[in-house]
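Below is one structure, written out as C-alpha coordinates; the observations come after it.
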Protein chains: 2
Amino acid sequence: MPKQTFLNLPEEKKEILIEAAKKEFSRVSLYDACISNIIKTSGIPRGSFYQYFDNKEDLFFFLLNEHAKERQKKFLYLLKKTNGDIFDTVTELYKSMLEKSQKQENCDFFRNAFLNMNYKIEKIYTKEFSESHFNQNFKKVCNLINTSKLNINNDNELFHAIKIIMAVTFHNLVQSYAKEISYEESVENFTLEINLLKKGLYKDNS
Amino acid sequence: MPKQTFLNLPEEKKEILIEAAKKEFSRVSLYDACISNIIKTSGIPRGSFYQYFDNKEDLFFFLLNEHAKERQKKFLYLLKKTNGDIFDTVTELYKSMLEKSQKQENCDFFRNAFLNMNYKIEKIYTKEFSESHFNQNFKKVCNLINTSKLNINNDNELFHAIKIIMAVTFHNLVQSYAKEISYEESVENFTLEINLLKKGLYKDNS
DNA sequence: ATTGACATATGACATTGTGTCACTTATAAT
DNA sequence: ATTATAAGTGACACAATGTCATATGTCAAT
(Lines give C-alpha, C1' and ligand atoms only; values in the text may rest on other atoms or scores of the structure.)
Protein backbone atom coordinates (compact mmCIF):
# COMPACT_ATOMS: atom_id res chain seq x y z
CA MET A 1 0.00 0.00 0.00
CA PRO A 2 1.29 3.46 -0.81
CA LYS A 3 2.10 5.60 2.20
CA GLN A 4 -0.01 8.55 3.29
CA THR A 5 2.72 10.84 1.96
CA PHE A 6 1.95 9.67 -1.53
CA LEU A 7 -1.78 10.12 -1.14
CA ASN A 8 -1.20 13.65 0.14
CA LEU A 9 0.72 14.55 -2.99
CA PRO A 10 -0.78 17.06 -5.45
CA GLU A 11 -2.73 15.22 -8.13
CA GLU A 12 -0.33 16.34 -10.84
CA LYS A 13 2.76 14.90 -9.19
CA LYS A 14 0.97 11.65 -8.43
CA GLU A 15 -0.01 11.38 -12.07
CA ILE A 16 3.57 11.89 -13.22
CA LEU A 17 4.79 9.06 -11.02
CA ILE A 18 1.95 6.75 -12.01
CA GLU A 19 2.55 7.37 -15.70
CA ALA A 20 6.25 6.69 -15.33
CA ALA A 21 5.46 3.50 -13.45
CA LYS A 22 2.98 2.32 -16.06
CA LYS A 23 5.53 3.02 -18.74
CA GLU A 24 8.14 0.92 -16.97
CA PHE A 25 5.74 -1.92 -16.17
CA SER A 26 4.61 -1.86 -19.80
CA ARG A 27 8.15 -2.09 -21.03
CA VAL A 28 9.02 -5.23 -19.10
CA SER A 29 7.63 -7.58 -16.51
CA LEU A 30 7.55 -6.68 -12.85
CA TYR A 31 10.57 -8.87 -12.50
CA ASP A 32 12.72 -6.85 -14.87
CA ALA A 33 11.28 -3.46 -14.03
CA CYS A 34 13.47 -1.25 -11.89
CA ILE A 35 12.88 1.73 -9.69
CA SER A 36 15.84 3.48 -11.24
CA ASN A 37 13.95 3.84 -14.52
CA ILE A 38 10.78 5.05 -12.85
CA ILE A 39 12.52 7.79 -10.93
CA LYS A 40 14.57 8.72 -13.99
CA THR A 41 11.55 9.27 -16.26
CA SER A 42 9.42 10.86 -13.56
CA GLY A 43 12.28 13.04 -12.30
CA ILE A 44 11.41 12.14 -8.73
CA PRO A 45 14.40 11.73 -6.42
CA ARG A 46 15.25 8.31 -5.12
CA GLY A 47 14.67 9.29 -1.51
CA SER A 48 11.22 10.64 -2.30
CA PHE A 49 10.19 7.43 -3.99
CA TYR A 50 10.81 5.52 -0.79
CA GLN A 51 8.77 8.11 1.05
CA TYR A 52 5.79 7.08 -1.09
CA PHE A 53 6.20 3.33 -1.57
CA ASP A 54 8.05 0.54 0.16
CA ASN A 55 9.43 -0.89 -3.07
CA LYS A 56 8.50 -1.59 -6.64
CA GLU A 57 6.06 -4.33 -5.69
CA ASP A 58 4.20 -1.90 -3.49
CA LEU A 59 3.76 0.45 -6.42
CA PHE A 60 2.91 -2.37 -8.81
CA PHE A 61 0.20 -3.83 -6.64
CA PHE A 62 -1.25 -0.41 -6.06
CA LEU A 63 -1.68 -0.01 -9.83
CA LEU A 64 -2.94 -3.56 -10.16
CA ASN A 65 -5.52 -2.92 -7.48
CA GLU A 66 -6.89 0.06 -9.33
CA HIS A 67 -7.34 -2.13 -12.38
CA ALA A 68 -8.95 -4.88 -10.32
CA LYS A 69 -11.49 -2.43 -8.94
CA GLU A 70 -12.52 -1.39 -12.43
CA ARG A 71 -12.83 -5.00 -13.49
CA GLN A 72 -14.98 -5.76 -10.46
CA LYS A 73 -17.27 -2.88 -11.35
CA LYS A 74 -17.62 -4.14 -14.89
CA PHE A 75 -18.40 -7.62 -13.60
CA LEU A 76 -21.22 -6.40 -11.38
CA TYR A 77 -22.56 -4.24 -14.19
CA LEU A 78 -22.62 -7.17 -16.61
CA LEU A 79 -24.21 -9.44 -14.04
CA LYS A 80 -27.09 -7.05 -13.68
CA LYS A 81 -27.37 -6.53 -17.42
CA THR A 82 -27.63 -10.28 -18.09
CA ASN A 83 -30.15 -10.84 -15.30
CA GLY A 84 -27.61 -12.81 -13.32
CA ASP A 85 -26.44 -15.18 -16.03
CA ILE A 86 -22.96 -15.97 -14.85
CA PHE A 87 -21.95 -17.65 -18.11
CA ASP A 88 -22.91 -14.72 -20.32
CA THR A 89 -21.35 -12.32 -17.87
CA VAL A 90 -18.06 -14.12 -17.75
CA THR A 91 -17.95 -14.44 -21.53
CA GLU A 92 -18.54 -10.72 -21.99
CA LEU A 93 -15.95 -9.93 -19.33
CA TYR A 94 -13.49 -12.20 -21.03
CA LYS A 95 -13.98 -10.39 -24.32
CA SER A 96 -13.58 -6.99 -22.73
CA MET A 97 -10.40 -8.04 -21.00
CA LEU A 98 -8.94 -9.30 -24.24
CA GLU A 99 -9.97 -6.11 -26.02
CA LYS A 100 -8.50 -3.97 -23.30
CA SER A 101 -5.09 -5.52 -23.73
CA GLN A 102 -5.30 -5.18 -27.50
CA LYS A 103 -6.50 -1.59 -27.61
CA GLN A 104 -3.75 -0.12 -25.49
CA GLU A 105 -1.42 0.85 -28.23
CA ASN A 106 1.95 1.52 -26.69
CA CYS A 107 1.07 0.39 -23.19
CA ASP A 108 1.19 -3.24 -22.23
CA PHE A 109 0.73 -2.65 -18.56
CA PHE A 110 -2.47 -4.61 -18.41
CA ARG A 111 -1.04 -7.59 -20.20
CA ASN A 112 2.18 -7.55 -18.21
CA ALA A 113 0.28 -7.05 -15.01
CA PHE A 114 -1.81 -10.09 -15.70
CA LEU A 115 1.13 -12.23 -16.65
CA ASN A 116 2.78 -11.20 -13.43
CA MET A 117 -0.17 -11.82 -11.20
CA ASN A 118 1.25 -15.07 -10.03
CA TYR A 119 4.77 -13.75 -10.00
CA LYS A 120 4.73 -13.20 -6.30
CA ILE A 121 1.73 -15.36 -5.79
CA GLU A 122 2.17 -15.26 -2.06
CA LYS A 123 1.29 -11.60 -2.24
CA ILE A 124 -1.86 -12.30 -4.21
CA TYR A 125 -3.08 -15.14 -2.06
CA THR A 126 -2.18 -13.71 1.30
CA LYS A 127 -4.97 -13.74 3.79
CA GLU A 128 -5.28 -9.97 3.68
CA PHE A 129 -5.70 -9.87 -0.05
CA SER A 130 -8.06 -12.75 -0.48
CA GLU A 131 -10.14 -11.75 2.50
CA SER A 132 -10.33 -8.11 1.70
CA HIS A 133 -10.54 -7.93 -2.02
CA PHE A 134 -12.07 -11.19 -3.06
CA ASN A 135 -14.33 -12.24 -0.25
CA GLN A 136 -15.65 -8.75 0.35
CA ASN A 137 -17.17 -8.73 -3.07
CA PHE A 138 -17.94 -12.39 -3.20
CA LYS A 139 -21.23 -12.32 -1.33
CA LYS A 140 -22.33 -9.39 -3.42
CA VAL A 141 -21.60 -11.42 -6.55
CA CYS A 142 -23.35 -14.53 -5.22
CA ASN A 143 -26.52 -12.62 -4.49
CA LEU A 144 -26.66 -11.27 -8.02
CA ILE A 145 -26.24 -14.63 -9.70
CA ASN A 146 -29.39 -16.26 -10.95
CA THR A 147 -29.10 -19.75 -9.47
CA SER A 148 -32.40 -21.09 -10.77
CA LYS A 149 -30.78 -22.68 -13.80
CA LEU A 150 -27.60 -23.75 -12.08
CA ASN A 151 -27.04 -27.39 -11.32
CA ILE A 152 -26.09 -26.81 -7.69
CA ASN A 153 -27.57 -27.76 -4.37
CA ASN A 154 -26.24 -25.22 -1.90
CA ASP A 155 -24.10 -22.17 -1.29
CA ASN A 156 -20.95 -24.18 -0.99
CA GLU A 157 -21.45 -25.68 -4.43
CA LEU A 158 -22.15 -22.22 -5.79
CA PHE A 159 -18.87 -21.03 -4.34
CA HIS A 160 -16.94 -23.82 -6.02
CA ALA A 161 -18.81 -23.39 -9.29
CA ILE A 162 -17.69 -19.78 -9.39
CA LYS A 163 -14.16 -20.82 -8.49
CA ILE A 164 -14.15 -23.22 -11.44
CA ILE A 165 -15.39 -20.57 -13.82
CA MET A 166 -12.76 -18.17 -12.57
CA ALA A 167 -10.03 -20.74 -12.91
CA VAL A 168 -10.98 -21.47 -16.50
CA THR A 169 -11.22 -17.77 -17.30
CA PHE A 170 -7.86 -17.07 -15.74
CA HIS A 171 -6.17 -19.95 -17.48
CA ASN A 172 -7.47 -18.92 -20.90
CA LEU A 173 -6.58 -15.32 -20.41
CA VAL A 174 -3.03 -16.12 -19.41
CA GLN A 175 -2.58 -18.46 -22.36
CA SER A 176 -4.03 -15.90 -24.70
CA TYR A 177 -1.76 -13.14 -23.42
CA ALA A 178 1.35 -15.26 -23.40
CA LYS A 179 0.89 -16.97 -26.73
CA GLU A 180 -0.61 -14.03 -28.60
CA ILE A 181 -3.27 -16.04 -30.37
CA SER A 182 -5.91 -14.01 -32.18
CA TYR A 183 -8.87 -12.44 -30.45
CA GLU A 184 -11.33 -14.55 -32.41
CA GLU A 185 -9.59 -17.82 -31.70
CA SER A 186 -9.28 -17.06 -28.02
CA VAL A 187 -12.96 -16.18 -27.67
CA GLU A 188 -13.92 -19.29 -29.60
CA ASN A 189 -11.85 -21.49 -27.33
CA PHE A 190 -13.22 -19.85 -24.24
CA THR A 191 -16.83 -20.18 -25.37
CA LEU A 192 -16.29 -23.83 -26.13
CA GLU A 193 -14.93 -24.43 -22.66
CA ILE A 194 -17.77 -22.53 -21.01
CA ASN A 195 -20.21 -24.73 -22.90
CA LEU A 196 -18.35 -27.82 -21.75
CA LEU A 197 -18.65 -26.53 -18.20
CA LYS A 198 -22.37 -26.03 -18.67
CA LYS A 199 -23.14 -29.42 -20.08
CA GLY A 200 -20.71 -31.33 -17.91
CA LEU A 201 -17.82 -33.58 -18.81
CA TYR A 202 -19.38 -36.85 -17.79
CA LYS A 203 -21.94 -38.83 -19.70
CA ASP A 204 -23.85 -40.79 -17.06
CA ASN A 205 -27.19 -40.59 -18.82
CA SER A 206 -26.25 -43.03 -21.55
CA MET B 1 18.87 -25.44 -20.33
CA PRO B 2 22.11 -26.28 -18.55
CA LYS B 3 25.19 -26.22 -20.72
CA GLN B 4 27.01 -29.35 -21.82
CA THR B 5 29.78 -28.49 -19.37
CA PHE B 6 27.36 -29.12 -16.51
CA LEU B 7 26.15 -32.40 -17.92
CA ASN B 8 29.76 -33.55 -18.30
CA LEU B 9 30.44 -32.93 -14.62
CA PRO B 10 31.06 -35.89 -12.32
CA GLU B 11 27.82 -36.99 -10.71
CA GLU B 12 29.02 -36.00 -7.26
CA LYS B 13 29.74 -32.40 -8.16
CA LYS B 14 26.45 -32.08 -10.00
CA GLU B 15 24.67 -33.37 -6.93
CA ILE B 16 26.37 -30.80 -4.70
CA LEU B 17 25.23 -27.95 -6.91
CA ILE B 18 21.71 -29.30 -7.24
CA GLU B 19 21.38 -29.73 -3.49
CA ALA B 20 22.58 -26.19 -2.87
CA ALA B 21 20.12 -24.90 -5.45
CA LYS B 22 17.23 -26.82 -3.94
CA LYS B 23 18.15 -25.45 -0.56
CA GLU B 24 18.10 -21.89 -1.83
CA PHE B 25 14.89 -22.33 -3.79
CA SER B 26 13.33 -23.90 -0.72
CA ARG B 27 14.34 -20.98 1.46
CA VAL B 28 12.72 -18.32 -0.69
CA SER B 29 10.91 -17.85 -3.96
CA LEU B 30 12.75 -17.78 -7.25
CA TYR B 31 12.40 -14.05 -7.09
CA ASP B 32 14.35 -13.68 -3.86
CA ALA B 33 16.78 -16.51 -4.46
CA CYS B 34 20.27 -15.48 -5.42
CA ILE B 35 23.16 -17.18 -7.11
CA SER B 36 25.53 -15.86 -4.47
CA ASN B 37 23.94 -18.15 -1.88
CA ILE B 38 24.03 -21.16 -4.15
CA ILE B 39 27.70 -20.78 -4.93
CA LYS B 40 28.45 -20.04 -1.29
CA THR B 41 26.86 -23.24 0.04
CA SER B 42 28.07 -25.40 -2.81
CA GLY B 43 31.55 -23.95 -2.74
CA ILE B 44 31.53 -23.61 -6.50
CA PRO B 45 33.26 -20.52 -7.87
CA ARG B 46 31.17 -17.82 -9.48
CA GLY B 47 32.88 -18.24 -12.83
CA SER B 48 32.17 -21.95 -12.86
CA PHE B 49 28.51 -21.44 -12.19
CA TYR B 50 28.17 -19.40 -15.33
CA GLN B 51 29.99 -22.13 -17.18
CA TYR B 52 27.11 -24.46 -16.26
CA PHE B 53 24.01 -22.25 -16.37
CA ASP B 54 23.03 -18.97 -17.98
CA ASN B 55 21.48 -17.60 -14.81
CA LYS B 56 19.36 -18.59 -11.84
CA GLU B 57 16.24 -19.06 -13.98
CA ASP B 58 18.10 -21.51 -16.14
CA LEU B 59 18.96 -23.59 -13.11
CA PHE B 60 15.49 -23.24 -11.64
CA PHE B 61 13.69 -24.40 -14.76
CA PHE B 62 16.09 -27.29 -15.09
CA LEU B 63 15.09 -28.49 -11.64
CA LEU B 64 11.44 -27.80 -12.36
CA ASN B 65 11.65 -29.83 -15.51
CA GLU B 66 12.99 -32.82 -13.65
CA HIS B 67 10.01 -32.62 -11.32
CA ALA B 68 7.63 -32.24 -14.24
CA LYS B 69 8.97 -35.36 -15.86
CA GLU B 70 8.34 -37.37 -12.71
CA ARG B 71 4.83 -35.98 -12.48
CA GLN B 72 4.19 -36.88 -16.08
CA LYS B 73 5.32 -40.43 -15.43
CA LYS B 74 3.04 -40.71 -12.43
CA PHE B 75 0.15 -39.35 -14.49
CA LEU B 76 0.59 -41.95 -17.20
CA TYR B 77 0.95 -44.68 -14.61
CA LEU B 78 -2.29 -43.64 -12.88
CA LEU B 79 -4.12 -43.35 -16.17
CA LYS B 80 -3.29 -46.95 -16.97
CA LYS B 81 -4.11 -48.10 -13.46
CA THR B 82 -7.60 -46.54 -13.58
CA ASN B 83 -8.32 -47.85 -17.07
CA GLY B 84 -8.24 -44.36 -18.49
CA ASP B 85 -10.55 -42.66 -15.99
CA ILE B 86 -9.28 -39.11 -16.19
CA PHE B 87 -11.24 -37.99 -13.12
CA ASP B 88 -9.88 -40.66 -10.82
CA THR B 89 -6.42 -40.15 -12.22
CA VAL B 90 -6.41 -36.46 -11.65
CA THR B 91 -7.77 -36.84 -8.13
CA GLU B 92 -5.06 -39.33 -7.24
CA LEU B 93 -2.43 -37.11 -8.79
CA TYR B 94 -3.74 -34.16 -6.84
CA LYS B 95 -3.43 -36.09 -3.60
CA SER B 96 0.07 -37.22 -4.37
CA MET B 97 1.15 -33.69 -5.20
CA LEU B 98 -0.23 -32.38 -1.94
CA GLU B 99 1.43 -35.19 -0.03
CA LYS B 100 4.72 -34.56 -1.74
CA SER B 101 4.81 -31.00 -0.57
CA GLN B 102 3.86 -32.00 2.96
CA LYS B 103 6.34 -34.82 3.30
CA GLN B 104 9.43 -32.87 2.41
CA GLU B 105 10.45 -31.84 5.86
CA ASN B 106 12.95 -29.06 5.50
CA CYS B 107 12.64 -28.66 1.78
CA ASP B 108 9.91 -26.54 0.30
CA PHE B 109 11.32 -26.60 -3.18
CA PHE B 110 8.31 -28.28 -4.62
CA ARG B 111 5.91 -25.83 -3.06
CA ASN B 112 7.96 -22.81 -3.99
CA ALA B 113 8.51 -24.12 -7.46
CA PHE B 114 4.82 -24.47 -7.99
CA LEU B 115 4.03 -21.08 -6.59
CA ASN B 116 6.61 -19.62 -8.90
CA MET B 117 5.52 -21.43 -11.99
CA ASN B 118 3.76 -18.38 -13.27
CA TYR B 119 6.49 -16.12 -12.04
CA LYS B 120 7.96 -15.68 -15.45
CA ILE B 121 4.99 -17.09 -17.19
CA GLU B 122 6.37 -16.14 -20.55
CA LYS B 123 9.02 -18.76 -19.99
CA ILE B 124 6.45 -21.41 -19.25
CA TYR B 125 4.15 -20.63 -22.10
CA THR B 126 6.79 -20.01 -24.72
CA LYS B 127 6.39 -21.97 -27.88
CA GLU B 128 9.38 -24.15 -27.13
CA PHE B 129 8.12 -25.18 -23.73
CA SER B 130 4.51 -25.83 -24.59
CA GLU B 131 5.38 -27.54 -27.82
CA SER B 132 8.13 -29.69 -26.44
CA HIS B 133 6.97 -30.65 -23.02
CA PHE B 134 3.22 -30.41 -23.06
CA ASN B 135 2.19 -31.22 -26.58
CA GLN B 136 4.70 -33.99 -26.95
CA ASN B 137 2.98 -35.93 -24.23
CA PHE B 138 -0.47 -34.72 -25.00
CA LYS B 139 -1.30 -37.20 -27.70
CA LYS B 140 0.04 -39.97 -25.55
CA VAL B 141 -2.30 -38.87 -22.77
CA CYS B 142 -5.28 -38.52 -25.09
CA ASN B 143 -4.89 -42.02 -26.38
CA LEU B 144 -4.90 -43.43 -22.89
CA ILE B 145 -8.05 -41.66 -21.78
CA ASN B 146 -11.20 -43.69 -21.88
CA THR B 147 -13.55 -41.39 -23.78
CA SER B 148 -16.54 -43.71 -23.81
CA LYS B 149 -18.08 -42.07 -20.75
CA LEU B 150 -17.02 -38.54 -21.58
CA ASN B 151 -19.59 -36.06 -22.76
CA ILE B 152 -17.59 -34.94 -25.76
CA ASN B 153 -18.03 -35.10 -29.51
CA ASN B 154 -14.56 -34.83 -30.97
CA ASP B 155 -10.85 -34.49 -30.34
CA ASN B 156 -11.04 -30.76 -30.01
CA GLU B 157 -13.55 -31.01 -27.19
CA LEU B 158 -11.37 -33.61 -25.53
CA PHE B 159 -8.46 -31.21 -25.69
CA HIS B 160 -10.46 -28.47 -24.01
CA ALA B 161 -11.93 -30.83 -21.46
CA ILE B 162 -8.42 -31.75 -20.39
CA LYS B 163 -7.44 -28.09 -20.33
CA ILE B 164 -10.34 -27.38 -17.98
CA ILE B 165 -9.41 -30.20 -15.67
CA MET B 166 -5.82 -28.99 -15.62
CA ALA B 167 -6.86 -25.44 -14.91
CA VAL B 168 -9.00 -26.50 -11.97
CA THR B 169 -6.25 -28.74 -10.63
CA PHE B 170 -3.67 -26.02 -10.95
CA HIS B 171 -5.87 -23.43 -9.33
CA ASN B 172 -6.65 -25.62 -6.35
CA LEU B 173 -3.07 -26.64 -5.87
CA VAL B 174 -1.85 -23.07 -5.88
CA GLN B 175 -4.50 -22.01 -3.41
CA SER B 176 -3.73 -24.94 -1.21
CA TYR B 177 0.00 -24.20 -1.21
CA ALA B 178 -0.40 -20.50 -0.70
CA LYS B 179 -3.03 -20.60 2.01
CA GLU B 180 -1.82 -23.66 3.80
CA ILE B 181 -5.21 -25.21 4.31
CA SER B 182 -5.26 -28.80 5.56
CA TYR B 183 -4.73 -31.79 3.32
CA GLU B 184 -8.21 -33.11 4.05
CA GLU B 185 -9.96 -29.85 3.32
CA SER B 186 -8.06 -29.34 0.12
CA VAL B 187 -8.86 -32.81 -1.17
CA GLU B 188 -12.50 -32.40 -0.20
CA ASN B 189 -12.74 -29.12 -2.11
CA PHE B 190 -11.02 -30.59 -5.11
CA THR B 191 -13.25 -33.65 -5.22
CA LEU B 192 -16.31 -31.45 -5.00
CA GLU B 193 -15.14 -29.40 -7.94
CA ILE B 194 -14.32 -32.45 -10.02
CA ASN B 195 -17.83 -33.73 -9.38
CA LEU B 196 -19.25 -30.38 -10.44
CA LEU B 197 -17.23 -30.66 -13.62
CA LYS B 198 -18.59 -34.14 -14.21
CA LYS B 199 -22.24 -33.32 -13.74
CA GLY B 200 -22.09 -29.88 -15.36
CA LEU B 201 -22.94 -26.48 -14.04
CA TYR B 202 -26.09 -25.94 -16.07
CA LYS B 203 -29.46 -27.44 -15.41
CA ASP B 204 -31.12 -27.57 -18.84
CA ASN B 205 -32.96 -30.81 -18.23
CA SER B 206 -35.47 -29.32 -15.83
C1' DA C 1 7.52 38.33 12.68
C1' DT C 2 9.74 34.62 15.17
C1' DT C 3 10.06 30.35 16.88
C1' DG C 4 10.00 25.51 17.15
C1' DA C 5 8.04 21.09 16.03
C1' DC C 6 6.98 18.28 12.63
C1' DA C 7 6.45 16.54 7.89
C1' DT C 8 8.57 16.09 3.62
C1' DA C 9 12.48 16.23 0.21
C1' DT C 10 16.89 14.94 -1.38
C1' DG C 11 21.02 12.70 -3.27
C1' DA C 12 25.36 10.64 -1.73
C1' DC C 13 26.57 6.33 -0.09
C1' DA C 14 27.11 1.61 1.68
C1' DT C 15 25.66 -2.74 0.41
C1' DT C 16 24.49 -6.50 -2.34
C1' DG C 17 24.21 -9.12 -6.32
C1' DT C 18 25.16 -9.95 -11.35
C1' DG C 19 27.70 -11.40 -15.31
C1' DT C 20 32.30 -10.99 -17.66
C1' DC C 21 36.96 -11.62 -18.75
C1' DA C 22 41.74 -12.38 -18.62
C1' DC C 23 44.33 -15.73 -16.83
C1' DT C 24 45.33 -20.49 -15.00
C1' DT C 25 44.99 -25.35 -14.98
C1' DA C 26 43.68 -29.86 -16.82
C1' DT C 27 43.08 -33.15 -20.57
C1' DA C 28 43.79 -35.19 -24.86
C1' DA C 29 45.76 -35.74 -29.33
C1' DT C 30 49.77 -35.80 -32.28
C1' DA D 1 57.21 -32.80 -25.60
C1' DT D 2 54.11 -29.84 -27.78
C1' DT D 3 50.11 -27.96 -28.93
C1' DA D 4 45.07 -27.39 -28.98
C1' DT D 5 41.00 -27.45 -26.72
C1' DA D 6 38.02 -27.45 -22.77
C1' DA D 7 37.18 -26.27 -18.01
C1' DG D 8 38.11 -23.62 -13.75
C1' DT D 9 38.64 -19.32 -11.29
C1' DG D 10 38.09 -15.00 -8.72
C1' DA D 11 38.83 -10.07 -9.25
C1' DC D 12 36.26 -6.58 -11.18
C1' DA D 13 33.10 -3.37 -13.50
C1' DC D 14 28.51 -2.41 -13.43
C1' DA D 15 23.77 -1.87 -11.87
C1' DA D 16 20.26 -1.48 -8.62
C1' DT D 17 18.56 -1.20 -3.92
C1' DG D 18 17.34 0.95 0.36
C1' DT D 19 19.13 4.15 4.03
C1' DC D 20 20.45 8.19 6.33
C1' DA D 21 22.12 12.66 7.45
C1' DT D 22 21.02 16.92 6.09
C1' DA D 23 18.08 20.46 3.92
C1' DT D 24 13.78 22.49 3.12
C1' DG D 25 8.98 23.59 3.75
C1' DT D 26 4.63 24.26 6.68
C1' DC D 27 1.93 25.89 10.23
C1' DA D 28 0.27 26.79 14.85
C1' DA D 29 1.47 29.28 19.00
C1' DT D 30 3.46 33.16 20.86
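Below, read A as the first sequence line, B as the second, and so on, with proteins coming before strands; counting in each chain starts at 1.
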Span of DNA chain C in contact with chain B (heavy atoms, under 4.0 Å): C:dG17 to C:dT20
Is the cationic atom of B:K199 (NZ for Lys, CZ for Arg) positioned less than 6.0 Å from the six-membered ring centroid of A:Y202 and within 45 degrees of its normal? no
Nearest heavy-atom pair of B:V90 and B:I165: which atoms, and what distance? CG2-CG2, 3.6 Å
If every non-hydrogen atom of B:L98 is compared with every non-hydrogen atom of B:V187, which pair is closest and at what distance? CD1-CG2, 4.0 Å
Looking at every strand, decide which applies to B:Y52 at a 4.0 Å heavy-atom threshold: base, sugar-phosphate, or nothing. sugar-phosphate
Touch check for A:K13, heavy atoms < 4.0 angstrom, all strands: base, sugar-phosphate only, or nothing? sugar-phosphate
Kindly state which residues belonging to residues 5-12 of chain B come within less than 4.0 angstrom of DNA chain D, counting heavy atoms of the residue only, listed by number. B:T5, B:N8, B:L9
Who are the salt bridge (charged side-chain N to carboxylate O under 4.0 Å, His left out) partners of B:E66, not counting sequence neighbours? B:K69
Only counting residues at least two apart or in another chain, list the ones meeting side chain to side chain contact (heavy atoms under 4.5 Å, CB included) with B:N83. none
Under 3.5 Å side-chain donor-acceptor pair for A:Y94 and A:S186: yes
Does the side chain of A:N189 come under 3.5 Å of the side chain of A:E193 through a donor N or O and an acceptor N or O? no
Ignoring hydrogens and angles, tell me if any N or O in the side chain of B:S42 forms a donor-acceptor pair with the backbone of B:I38 under 3.5 Å. yes
Hey, does the side chain of B:T41 reach the backbone of B:N37 with a donor-acceptor pair shorter than 3.5 angstrom? yes
Could you pull out every donor-acceptor pair under 3.5 Å between side chains of residues 43-54 of chain A and any protein atom, sequence neighbours left out?
none

Each nucleotide of nucleotides 16-25 of chain D classed B (base within 4.0 Å of a protein heavy atom), S (only sugar-phosphate) or -, in 5' to 3' order, makes SBBB------
